[in-house]
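Comments concern the structure below.
From a predicted model like this one, the values you see are computed outputs, not experimental measurements. Both counts, for ligands and for their atoms, begin at 1 and track the order of listing.
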Amino acid sequence: MIRYMGTKRFLADPVAQIISDLPPRHASARVVDLFCGTGAATSELDGVASVVMNDASAFLGPLLRSRFVHEERVAPFRLLDQLAPHYEARCKALAVEFDGRLQHERDVLLRRPSDLLAYMEDVPHVGTSDECRRQARLAARRRGPGRYCLTVLYFSGGYFSTWQAVQLDAIRYAIASLDDERSHDQALAAFLGTVDRCLNSPGHSAQFLRPNSEAAQKRIVRVWRRDVWSVFVDTLAEFAPSGSPAWRVQNEFQNGDALDLLPQLKSDQVRAVYADPPYTKDQYSRYYHVHETLFLYDFPDSIGRGRYRAGRFSSKFSESGSVESAFEDLLRGVSELGFPLVLSYPERSLLSRRGTDIRDLATKHFRTIITRSFATKHSTLGASKGASTNDNTEFIHVLTN
Ligand SMILES: C[S@@+](CC[C@H](N)C(=O)[O-])C[C@H]1O[C@@H](n2cnc3c(N)ncnc32)[C@H](O)[C@@H]1O
């Protein structure tokens, strides 16, 4: 799928076991995976309950629906047959439109690291260039092929080479020609997997790598030369649904703030809520903004050296000043609805740094708290400052009334 910060695959099995041991409620009651990310916990719930997955990042939708919701996958060769002619036509048109830039970039890749660095610092994009902004405004109003140049205008010469950006826009255009939801989701899932595999970055998109040394330059040149269409074909072929078709068709994905979803849940339809909220100050919307913008394709304003999308989601669970009240709202919201809450949260976290113990907050809202602990290494994908993995103890709290 994609490399994802904070995925806790090692907890998925115990979480599923804990949920299956909870006293049964309504026969068709579902589990709500409230901060589902890439769905590690959901993947273990076939045979236990159907699942409502929720996450604040919209781009996870096609990935999760293709894996956990659609009954069957479409044969990859059928999708490729449909996509290839549109892809080729758009590639040709974009190659002509951005010919000067493509040529210049090919030359720069043969020169010294300092030339590549200078190129990457100066390359025009929507965040820095009036001309790119004008082109983006025009493209945003179009519905046909002319709309599909966003990757070039926003992310080329940084996260991707310009030729890769052309290829990504051409694939995105080809996907828009698919008319059924299942094909669309599956092709978008492979597209997002391709974005992830071709990013010039440490595994997330908070920043792109710069050629500060000869080794870094070599790495960038290698990544920038990766052929996007070949990666897309491989990713499409590898992508497989998870669980049984009968289970999948009962699942769904919702995209929103967990705290807004809670009041919409009906008590007889929920067996348990599983919550795996973020535990650091790293905002996911910063680390995955390229995925989000290439999925939404909505031509946002672009901000700063990281070329972030304006108005990106800010999670209260990742804000020092709001994390306690966010947990209060979560705990109160679930307990008022009468659902059991299975909560995974590590010992060292944003909350603990503020001197607050999650169990003290929980006792205000739940009568019974059972805690299991697991020693672990947390992968940061280079997000939090320091080492790429951190030792930590992960807790699963089972909160009931
Ligand atoms: C620790 S990760 C969850 C990882 C997930 N369990 C997995 O296996 O991939 C936290 C997730 O919560 C999401 N998120 C953060 N704040 C949120 C909020 N207020 N509402 C919904 N989702 C949120 C993030 O986008 C991220 O995917």
Side-chain angles (χ1 to χ4, degrees), residues 1-16 18-19 31-45 51-64 67-68 192-193 196 203-206 242 253-265 272-292 295-296 309 312-320 322-331 333-334 341-346 348-351 358 374 376-381 383-384 390 392 394-396:
M1 239 185 174
I2 58 166
R3 293 164 295 174
Y4 205 63
M5 268 168 23
T7 293
K8 297 175 190 156
R9 278 195 201 91
F10 66 100
L11 285 188
D13 198 39
V15 164
I18 286 167
I19 291 174
V31 171
V32 180
D33 188 351
L34 204 51
F35 303 81
C36 67
T38 50
T42 291
S43 71
E44 294 297 325
L45 288 171
V51 188
V52 178
M53 295 165 276
N54 178 73
D55 202 280
S57 292
F59 79 88
L60 294 168
L63 293 155
L64 294 164
R67 259 194 96 192
F68 301 118
L192 290 160
D196 205 65
H204 56 68
S205 56
S242 170
F253 171 71
Q254 305 242 3
N255 167 226
D257 190 324
L259 299 175
D260 296 337
L261 179 68
L262 285 180
Q264 298 167 36
L265 299 172
V273 171
Y274 171 57
D276 182 21
Y279 50 86
T280 68
K281 279 163 78 174
D282 301 325
Q283 289 284 353
Y284 278 77
S285 60
R286 176 164 173 255
Y287 288 89
Y288 293 92
H289 72 97
V290 174
H291 300 71
E292 189 78 345
F295 166 65
L296 293 173
R309 47 183 295 112
R312 63 192 168 78
F313 179 76
S314 180
S315 177
K316 294 198 172 70
F317 292 89
S318 295
E319 290 170 9
S320 281
S322 314
V323 58
E324 275 133 339
S325 68
F327 270 104
E328 284 282 1
D329 290 347
L330 172 69
L331 294 160
V334 179
L341 174 62
V342 179
L343 172 66
S344 55
Y345 202 63
R348 284 193 291 113
S349 63
L350 192 54
L351 205 53
I358 185 88
F374 302 80
T376 179
K377 281 190 186 303
H378 278 163
S379 158
T380 64
L381 288 182
S384 296
N390 292 326
N392 208 341
E394 188 72 46
F395 294 121
I396 303 180

- Query: Just checking, is any N or O donor in the side chain of Tyr279 or Ser318 under 3.5 Å from an acceptor N or O on the other one?
  - Reply: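 Their side chains do not contain a donor-acceptor pair, so the 3.5 Å distance test is not met.
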- Message: Among residues at least two apart in sequence or on other chains, which ones pass side chain to side chain donor-acceptor pair (under 3.5 Å) with Ser285?
- Response: Arg312
Measure from every N or O atom of ligand 1 to the protein's N or O atoms and keep only the pairs below 3.5 Å, writing each with atom names and distance to 0.1 Å.
residue: ligand 1; atom: 6 (N); partner: Asp276; partner atom: OD2; Å: 2.6
residue: ligand 1; atom: 8 (O); partner: Ala40; partner atom: N; Å: 3.3
residue: ligand 1; atom: 9 (O); partner: Thr7; partner atom: OG1; Å: 3.2
residue: ligand 1; atom: 9 (O); partner: Thr38; partner atom: N; Å: 2.9
residue: ligand 1; atom: 9 (O); partner: Thr38; partner atom: OG1; Å: 3.0
residue: ligand 1; atom: 16 (N); partner: Ser315; partner atom: OG; Å: 2.7
residue: ligand 1; atom: 19 (N); partner: Asp257; partner atom: OD1; Å: 3.1
residue: ligand 1; atom: 20 (N); partner: Ala258; partner atom: N; Å: 2.8
residue: ligand 1; atom: 22 (N); partner: Ala56; partner atom: N; Å: 3.2
residue: ligand 1; atom: 25 (O); partner: Asp55; partner atom: OD1; Å: 2.7
residue: ligand 1; atom: 27 (O); partner: Tyr4; partner atom: OH; Å: 2.6
residue: ligand 1; atom: 27 (O); partner: Asp55; partner atom: OD1; Å: 3.4
residue: ligand 1; atom: 27 (O); partner: Asp55; partner atom: OD2; Å: 2.7

- Task: Name all residues meeting the ring pair (Phe, Tyr, Trp, His ring centres under 6.0 Å) criterion together with Phe395; count only those two or more places apart in sequence or in a different chain, and write none if there are none.
- Result: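 For Phe395, the residues satisfying ring pair (Phe, Tyr, Trp, His ring centres under 6.0 Å) (neighbours in sequence not counted) are His397.
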- Which residues share a salt bridge (Lys or Arg N to Asp or Glu O under 4.0 Å) with Arg309, sequence neighbours left out: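 Partners of Arg309 by the salt bridge (Lys or Arg N to Asp or Glu O under 4.0 Å) criterion, ordered by chain and then number, come out as Asp298.
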- Query: Are any of the side-chain heavy atoms of Leu351 and Tyr345 separated by less than 4.5 Å?
  - Reply: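 Yes, at least one pair of side-chain atoms sits under 4.5 Å.
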- For residues Thr38 and Leu63, determine if any side-chain heavy atom of one lies less than 4.5 Å from a side-chain heavy atom of the other. no
